[in-house]
Amino acid sequence: MDPLGPVFSALADPTRRHVLQTLAHGDPVTASGLAAELPMTRQAVAKHLVQLSQAGLVRSTRSGRETRYALEPRPLSDAAGWLAGLGAEWDERLARLERVLGERRP
Amino acid sequence: MPVAPSEPEVRRETVLPAGVDEVWDALTSEALLEEWLADEVELEAEVGGSVTLRFEDGEERRGVVDEVVEGERLALRWWRAAGPETRVEFIVEAVSPGRTRLVVAERLVVPSPITMRTSVSATRLAALPRALSLVAAA
């Protein structure tokens with residue numbers, strides 16, 4: 001199954017982007033730890049973490065009774081790379097189109 | 001971490017040195033499309049029409065036309081052999097004689113979750129309060 005869909009669905013929510021931003025700037029953190037840093041409850045954070053994990057954007061590690069979460073950067077850079085690639089393709093095509101139309105001037 | 005993209009879409013806009021009709025031709029005529037979009041193009045420029053593209057590197061892409069508003073808008077969905085489906089929309093707009101704005105947006109097609117819906121007719125809903133009061137009176 002294509003990974004981009006779940007990644008972009010996960011990223012569509014600004015709260016989840018905020019969670020990722022927070023994870024990107026620190027050490028692996030528990031759901032409670034995240035909730036303390038963000039304006040939301042632990043339950044809300046947990047729900048977002050599930051979706052982020054399913055999209056491969058977050059990885060979790062258990063140590064003892066604690067589960068800590070960390071950003072998994074690869075899917076994010078893949079998604080950004082995919083978009084950049086699309087943009088570059090269109091830039092090339094439009095440049096060719098412009099040339100083709102310009103050359104048709106009598 | 002790079003700024004996380006929020007939308008799976010790229011958008012480009014340009015003003016082309018040609019009139020609307022010429023630009024529309026360039027979007028819908030196979031011979032013209034082969035000069036800028038892909039090496040080989042087959043396109044049926046009508047809703048439901050099929051699209052086949054072959055690129056220089058041998059890549060082939062298939063698609064279907066989604067929307068056609070003559071001289072204004074062309075949208076199609078396409079996919080690579082191994083890759084996600086995306087929807088491409090072209091919007092054409094006259095700027096001045098011999099100058100036309102072209103906007104192109106390509107967006108990931110994300111399958112929407114299947115939602116279960118129970119539809120209750122409006123007349124049934126309207127009858128509900130009376131039915132409830134009858135039950136209460138019994």
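Residue numbers begin at 1 in each chain, while the letters A, B, ... track the order of the sequences.
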message: Between B:E35 and chain A, with a heavy-atom cut-off of 4.5 Å, which part of the residue counts as in contact: side chain, backbone, both or neither?
response: both

field: A:E89, part contacting chain B, at a heavy-atom distance under 4.5 Å
entry: side chain

field: Heavy-atom contact with chain A under 4.5 Å, split by part of B:V109
entry: neither

statement: Between A:R93 and B:W36 the two heavy atoms that sit nearest each other are O-CE3, 3.6 Å

statement: CG of A:L97 to CG of B:L27, rounded to nearest 0.5 Å, is 7.0 Å

message: Counting heavy-atom pairs under 4.5 Å with chain A, which one of B:D25, B:L33, B:L108 comes out on top?
response: B:L108

message: Can you confirm whether more than 12 heavy atoms, excluding those of B:E56, are under 6.0 Å from its CD atom?
response: no

task: Kindly give the heavy-atom pair with the smallest separation between B:S6 and A:R17, and that separation in Å.
output: CB-NH1, 3.1 Å

field: Best-contacting candidate, A:L23, A:D13, A:L83, against chain B by heavy atom pairs under 4.5 angstrom
entry: A:L83

statement: If you tally heavy-atom pairs under 4.5 Å between each of A:L57, A:L94, A:D91 and chain B, the highest tally belongs to A:D91

query: To the nearest 0.5 Å, what is the distance between CZ (A:R104) and CG (B:L32)?
result: 5.0 Å

query: Can you hop from A:L34 to A:V50 via hydrophobic side chains spaced under 4.5 Å?
result: no

query: When hydrophobic residues are tied together by side-chain contacts of less than 4.5 Å, even through go-betweens, does B:V65 share a cluster with B:I91?
result: no

- request: Tell me, for B:L16 versus chain A, whether the close heavy atoms (under 4.5 Å) come from the side chain, the backbone, both or neither.
  value: side chain

- prompt: Between B:P8 and A:L4, is any pair of side-chain heavy atoms under 4.5 Å apart?
  reply: no

message: Taking side chain as everything from C-beta outward and backbone as N, CA, C, O, which of these in B:T14 sits under 4.5 Å from a heavy atom of chain A? Side chain, backbone, both or neither.
response: side chain

query: Taking the inter-plane angle between the rings of A:W90 and B:F90 on a 0 to 90° scale, is it parallel (under 30°), tilted (30 to 60°) or perpendicular (over 60°)?
result: perpendicular

query: Closest heavy-atom contact between B:R12 and A:G87?
result: NH2-CA, 3.3 Å

query: Looking at CZ of B:R11 and CG of A:L86, how far apart are the two atoms once the value is rounded to the nearest 0.5 Å?
result: 13.5 Å

field: Greater than 12 external heavy atoms within 6.0 Å of A:R59's CZ
entry: yes

- prompt: For atom CZ of A:R96, is the number of surrounding heavy atoms from other residues, nucleotides or ligands below 6.0 Å larger than 12?
  reply: yes

message: Let me check something: do B:V64 and B:V88 share a hydrophobic cluster, defined by ILVMFWY side-chain heavy atoms less than 4.5 Å apart, either directly or through other members?
response: no

field: Cluster check A:W82, B:V110: I/L/V/M/F/W/Y, side chain < 4.5 angstrom
entry: yes

message: Hydrophobic clusters here meaning ILVMFWY residues chained together by side-chain heavy-atom distances under 4.5 Å, can you tell me if B:W79 and A:F8 are in one?
response: no

- prompt: Are side-chain heavy atoms of B:T100 and A:L101 found at a separation under 4.5 Å?
  reply: no

